[in-house]
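Down below is the structure, laid out as structure tokens.
Source: prediction; values computed, not measured.
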Amino acid sequence: MKERARLLFCTPMDSADFPKLWSRDAEAAAERLGFQLDLLRTAPAGAGGWNRLLRGYDGAVTSWGAPQFNAELLEGNTRLRIVGHAAGSVADLVSDELFARGIKVVSANDTMAGSVAEWCLAASILGFGRALEFLRFGGGEPLRWENRGRVRSLRDAAIGIWGFGAIARSYLELLKPFTPARILVHSDFASDAALAEWGAEPASLERVFAEADVVVLLAGLNNRNIERVDGGLLRLLRDGATLINYGRARLIREDDLMAELEKRRFSAFFDVFYREPLPVDSPLYRLPNVVLTPHVAGLGGIRRFIPDVLENFGRFFRGEPLRGEITRERAAAMTSHKKALTV
């Protein structure tokens, strides 16, 4: 009888993230696929502790707070063959040593991306449709019937996107039935041909801000992109435009953002912030042209993160092609919090 592949879920059971990630679906997937999936009670100390622990496993399921799989952690570890990240970016998880050893890397990035893309679409419809001018959520304030004529259809919109990763592509897929008038994309990685396949025009970041009615920030956070959106770019936004940041807060220079929002020329939708939880005295709360959500856009599919990773593990151990494999090149384009913190 073939030995069951042995996997370790590297998020400790006492972590605040454990109950969000672990579910009956995850347990059922492991059983159905024939894995022995062990749960970690407490995290070992340092890379040496992880090294000793992981030597007994064929695969590791990681998530937020996992160690980097670097040379020290991997030294002498000949059994580990695949790492699956039950979250998004793997930039701070992987290393040259991991890829050099031929260890495969997958993640729940595409699952998370689909959830974020749904929120981007909703914000795009509400923002371009000028819903903030007449939308009410109760509280006793009457509806503004005089603004009904200002509503617009997304079919008339010029959509601008910064980034061309998994979220951007999921968002573009959701946009297809709406047939926007134009789609402008700025990417440091995508070719013009790749953008054309999605019906998008390549554009500079300046053109995206100057020509789009809806600007969606979906670039990875790295040294090049930190605070790249400054006052100069924000002032290019059209009057009545919509800015959506459901990616990374530090893509925008905070002081410049507040200065431009105070002018109330454009509306903005934010799910990510420089400080989280957002302080109760944040000036964002008093701006009527801003919609805030508490960093939830990517969590709609969280209970599928581990099952989706395990499905990919099943393909790997059956010798089948992986879906959404994270290559060295793809990992390099993802958000790196550790690198960003050095700026």
What pairs with Arg328 under side-chain contact (heavy atoms from CB on, under 4.5 Å), at least two apart in sequence or on another chain?
Asp96, Phe99
Around atom CZ of Arg81, are there more than 12 heavy atoms from other residues, nucleotides or ligands closer than 6.0 Å?
no
Set of side-chain contact (heavy atoms from CB on, under 4.5 Å) partners for Ala212, sequence neighbours left out
Val215
Connecting only ILVMFWY residues whose side-chain heavy atoms lie within less than 4.5 Å of each other, what is the rest of Trp145's hydrophobic cluster?
Leu143
Under 6.0 Å from the CD atom of Glu75, do we count more than 12 heavy atoms belonging to anything else shown?
no
If you draw a 6.0 Å radius around CZ in Arg32, do more than 12 non-hydrogen atoms from other residues or ligands fall strictly inside?
yes
Which of these passes side chain to side chain contact (heavy atoms under 4.5 Å, CB included) with Val105: Ile82, Leu322, Thr327, Leu98?
Leu98
For Ala168 and Ile161, work out which heavy atoms get closest and say how close.
CB-CG2, 4.1 Å
Distance (rounded to the nearest 0.5 Å) between Ile159 CD1 and Glu201 CD
12.5 Å
If you measure from CZ on Arg41 to CG on Asp14, what distance do you get to the nearest 0.5 Å?
10.0 Å
Side-chain donor-acceptor pairs of residues 112-122 under 3.5 Å, sequence neighbours excluded:
residue, atom, partner, partner atom, Å
Ser115, OG, Ala297, O, 2.6
Ser115, OG, Gly300, N, 3.1

Checking side chain to side chain contact (heavy atoms under 4.5 Å, CB included) for the pair Thr11/Thr62: CA distance, chi angles, key distance, verdict?
CA-CA 6 Å; Thr11 295; Thr62 64; over 6 Å; no
Could you tell me whether Tyr246 and Phe270 have their ring centroids closer than 6.0 angstrom?
no
Around Glu227, counting heavy atoms of other residues, nucleotides and ligands shown, do more than 12 lie under 6.0 Å from its CD?
yes
Through direct or indirect side-chain contacts below 4.5 angstrom among Ile, Leu, Val, Met, Phe, Trp and Tyr, which residues connect to Val280?
none
Checking Ser267 now: which residues fulfil side-chain contact (heavy atoms from CB on, under 4.5 Å) with it, not counting sequence neighbours?
Leu132, Thr242, Phe269
